[in-house]
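Values below: all heavy atoms of this structure, side chains included; hydrogens, waters and symmetry mates excluded. Naming: A, B, ... by sequence-line order, numbering from 1 per chain.
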There are 2 protein chains.
Amino acid sequence: MEMLGGRWKLAILKQLVAGTRRFGELRRALPGITQRMLTRQLRELEADGLVARTVYREVPPRVEYALTEVGHSLDSITEELDKWGRWYRETIRPEDPSGPRPPA
Amino acid sequence: MEMLGGRWKLAILKQLVAGTRRFGELRRALPGITQRMLTRQLRELEADGLVARTVYREVPPRVEYALTEVGHSLDSITEELDKWGRWYRETIRPEDPSGPRPPA
DNA sequence: CGGAATCCTAGAAGATACTG
DNA sequence: CAGTATCTTCTAGGATTCCG
């Protein structure tokens, strides 16, 4: 949880599960995130070996982010967490916590 | 992640997946946690509807914690996350992040 | 375009002491 | 036994500005 607990990390991983993304693409895909936070969370994921950063020295600059093999080993967890979160927000949060039934 | 991101929450959930636990049992099962943190994290999990708190008005007092139905809907995620964490710490952390291979 | 540098604040986490 | 009550430290997160 220390590695995944960041405010945006799961959302970032979710994006990268689908494939390589550029910095700007990630920013647009994550409404509300600031440039600084996106950079920081990406660097932390990189330091943990989950994300690989590739810099293309062009003009204008291009930087691509992709999951490493280790990062991809979290794919199923990423997906399950995302699914659970959406279920929880749609089903539990609006109602009473002692209300509806779980999914699976 | 806002619900599960707490420093001890996953560890607490892991304990409760196995069954009902008393406050003191949880404390002993989580070396390093302070009374205050255990109380706080349990209260947050309770507020999110994942954990149920049962007070037995006896002397000495007895308080039991158990997963709710919603809490149990996280069981597989809890287990996978725990498994992945152990694998990562044993396999990746001691070595280079670009070293060994993932499990599954 | 993809950052880095700086400043700031809320709250997460912890240490310690006390209590019904 | 299972908590409160205080106090302190730390840092994650965010706003803003500047840059190659």
What does the list of N/O pairs under 3.5 Å between the protein and nucleotides 9-12 of chain D look like, with a distance for each?
{"from": "dA12(D)", "atom 1": "OP2", "to": "R40(A)", "atom 2": "NH2", "distance (Å)": "3.2"}

With a 4.5 Å heavy-atom cut-off, do [X] and [Y] have their side chains touching?
| X | Y | result |
| --- | --- | --- |
| W87(A) | S73(B) | yes |
| W84(B) | M3(A) | yes |
| L45(A) | K9(A) | yes |
| L38(B) | L26(B) | yes |
| I12(B) | Y65(B) | no |

Residues that L4(A) engages under side-chain contact (heavy atoms from CB on, under 4.5 Å), provided they are two or more places apart: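 L13(A), L50(A), L74(A), M1(B), L81(B).
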Partner residues of R36(A) under the side-chain contact (heavy atoms from CB on, under 4.5 Å) criterion, sequence neighbours left out: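 Per chain and number, R36(A) pairs via side-chain contact (heavy atoms from CB on, under 4.5 Å) with T34(A), R40(A).
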Between dG13(D) (C1') and L30(A) (CG): distance, integer Å: 15 Å
Between C1' of dG20(D) and CD of E58(A), the distance in whole Å: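 Distance, rounded to whole Å: 15 Å.
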First-last contacting nucleotides on DNA chain C - partner chain B, under 4.0 angstrom, heavy atom: dA12(C) to dG20(C)
Inter- and intrachain pairs under salt bridge (Lys or Arg N to Asp or Glu O under 4.0 Å), touching residues 25-35 of chain B, at least two apart: none
Any pair counted as salt bridge (Lys or Arg N to Asp or Glu O under 4.0 Å), so long as it reaches residues 57-68 of chain A, sequence neighbours left out: E58(A)-R62(A), R62(A)-E64(A)
Any pair counted as side chain to side chain donor-acceptor pair (under 3.5 Å), so long as it reaches residues 11-22 of chain B, sequence neighbours left out: K14(B)-D82(B)
R43(B) with D48(B): basic N within carboxylate O range, under 4.0 Å: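 Judged by the 4.0 Å cut-off on N to carboxylate O distance, R43(B) and D48(B) do not form a salt bridge.
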With sequence neighbours excluded, residues passing side chain to side chain donor-acceptor pair (under 3.5 Å) with R89(A):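 For R89(A) there are no side chain to side chain donor-acceptor pair (under 3.5 Å) partners, ignoring immediate neighbours.
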Partner set under side chain to side chain donor-acceptor pair (under 3.5 Å) for E80(A), not counting sequence neighbours: S76(B)
Sequence-aligned protein contact record of nucleotides 1-6 of chain D, with B where the base is within under 4.0 Å of a protein heavy atom and S where only the sugar-phosphate is: BBBBBB
Degree of bending, the helix from dC1(C)-dG20(D) to dG20(C)-dC1(D) (end axes from five pairs; round to 10°): 60°
